[in-house]
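Take a look at the structure below.
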Amino acid sequence: MPQLKVLISREQIAQRVAEMGAEITRDFSGESVIFVGVLKGASIFLSDLARHVDLDAAFDFIGVASYGNRPSPAQELISGWDSTGEVRLTKDVDQSMRDKNVILVEDILDTGLTLTYLTKVLLAHQPKALRVATLLDKPSRRKQPMEANYVGFRIPDEFVVGYGLDYAERYRNLPDICVLPRQA
Ligand code: IMP
Ligand code: MG
């Protein structure tokens, strides 16, 4: 494995995720919530976040893929990551979201296309409340005006991996969030 530069350490992640969990606990005090994780990148964040939320809770997962003119991963590294394609659902939620407090959990908010699409999909289920929690936010890359309710860290326009985030399905198991150099 190449040595990658750490952008956010495991200790910083743990502290911030605990704070986010405490915030969600306060905001939904006395109520139940459903965490809906976006596969696969949000799985590690969801499992840590949920253990810092002291509420009656359920888990669900939703899957998306981009299609259209998304470049190959190799091109993405050269020309910069660009989620230009449309988004489609590859796995819907398993349980009813109707009248539930839904917390959509994502690894990173980049152009905003994925979360714009997913919030529409989930709102069609008529939840009682829908909130978005993202570990990372790259606000400079936005193509759709999307903001999350809970944001772990705002980061510059770097391609990052680790703690669930991948490059071509690799690096998800790194405990820290690291920068993948765009030019190898
Ligand atoms: P958006 O639709 O452009 O907001 O893209 C969000 C999705 O793009 C995330 O769920 C990630 O899968 C992927 N993504 C965006 N930036 C990065 C990155 O820096 N590293 C890994 N995946 C990323
Ligand atoms: Mg993702």
Side-chain angles (χ1 to χ4, degrees), residues 1-2 4-10 12-13 16-17 20 35-49 60-93 102-123 130-184:
M1 288 275 273
L4 298 176
K5 191 184 111 208
V6 174
L7 182 68
I8 307 171
S9 71
R10 64 198 79 181
Q12 290 172 295
I13 297 169
R16 186 71 192 115
V17 171
M20 295 173 85
F35 294 102
V36 176
V38 184
L39 292 170
K40 303 167 210 156
S43 56
I44 294 179
F45 174 43
L46 185 150
S47 65
D48 283 345
L49 178 68
D60 213 320
F61 290 93
I62 198 163
V64 285
S66 303
Y67 64 144
N69 45 3
R70 188 159 211 152
S72 72
Q75 287 171 313
E76 274 163 2
L77 270 193
I78 295 159
S79 54
W81 178 267
D82 213 10
S83 354
T84 45
E86 290 166 71
V87 181
R88 77 191 151 86
L89 214 57
T90 56
K91 185 209 166 293
D92 204 348
V93 289
V102 176
I103 301 175
L104 180 57
V105 182
E106 176 60 307
D107 52 4
I108 185 164
L109 172 51
D110 186 34
T111 64
L113 295 176
T114 305
L115 282 176
T116 300
Y117 174 77
L118 285 178
T119 50
K120 273 189 203 141
V121 168
L122 290 175
L123 283 172
L130 175 63
R131 299 285 181 271
V132 175
T134 186
L135 179 67
L136 303 176
D137 184 6
K138 283 198 254 187
S140 65
R141 298 253 314 145
R142 211 72 93 242
K143 290 181 182 166
Q144 296 269 340
M146 166 59 62
E147 293 306 324
N149 304 97
Y150 306 98
V151 176
F153 302 90
R154 291 200 166 79
I155 63 166
D157 182 13
E158 302 268 22
F159 194 86
V160 290
V161 294
Y163 195 73
L165 290 128
D166 74 310
Y167 168 60
E169 296 300 329
R170 294 172 60 209
Y171 305 111
R172 292 195 199 273
N173 60 327
L174 297 181
D176 308 297
I177 292 169
C178 299
V179 176
L180 200 64
R182 284 213 159 101
Q183 305 286 354

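Just so you know, these numbers come straight off a predicted model, no measurement behind them. Order of appearance sets the numbers: ligands from 1, and atoms from 1 within every ligand.
If you look at Arg141 next to ligand 1, there are no close heavy atoms at all, none under 4.0 Å. Contacts of Leu165 with ligand 1, taken as heavy-atom pairs under 4.0 Å, involve the side chain alone.
Any N or O atom pair closer than 3.5 Å counts here, and Val161 shares no such pair with ligand 1. Any N or O atom pair closer than 3.5 Å counts here, and Phe159 shares no such pair with ligand 1.
To the nearest 0.5 Å, the span separating CD1 on Ile108 from CZ on Arg141 amounts to 9.0 Å. The CG atom of Leu122 lies 4.5 Å from the CD1 atom of Ile62; values are rounded to the nearest 0.5 Å.
At a threshold of 4.5 Å between non-hydrogen side-chain atoms, the residues Pro145 and Thr116 do not count as touching. At a threshold of 4.5 Å between non-hydrogen side-chain atoms, the residues Leu7 and Asp176 do not count as touching. Taking the side chain as every heavy atom from C-beta outward, Asp137 and Met146 never approach each other to under 4.5 Å. Between Leu109 and Arg142, the closest side-chain pair of non-hydrogen atoms falls below 4.5 Å. Looking at heavy atoms from C-beta onward, Ile8 lies in side-chain contact with Leu136 at the 4.5 angstrom threshold.
Against a heavy-atom cut-off of under 4.0 Å, Glu106 is close to the following atoms of ligand 1: 9 (C), 10 (O). Close approach of ligand 1 to Leu113 (heavy-atom distance below 4.0 Å) involves ligand atoms 2 (O), 4 (O). Near Lys138, with a cut-off below 4.0 Å to any heavy atom, the atoms of ligand 1 are 16 (N), 17 (C), 18 (C), 19 (O). Within ligand 1, counting atoms from 1 as listed, the ones closer than 4.0 Å to a heavy atom of Thr111 are 1 (P), 2 (O), 3 (O), 4 (O). Those atoms of ligand 1 with a heavy atom of Glu158 less than 4.0 angstrom away are 19 (O). Ligand-side atoms of ligand 1 in range of Gly112: 1 (P), 3 (O), 4 (O), range being under 4.0 angstrom from any heavy atom.
Checking side-chain atoms of Lys143 against main-chain N and O of Leu113 turns up no donor-acceptor pair under 3.5 Å.
Heavy atoms of Leu115 stay at 4.0 angstrom or farther from ligand 1.
When Asp166, Ile177, Asp157, Thr114 are ranked by how near their heavy atoms come to atom 5 (O) of ligand 1, first place goes to Thr114. When the options Asp137, Thr116, Ile108 are ranked by their closest heavy atom to atom 11 (C) of ligand 1, first place goes to Ile108.
Classification of the Tyr163-Phe45 ring pair by plane angle, with boundaries at 30° and 60°, yields tilted.
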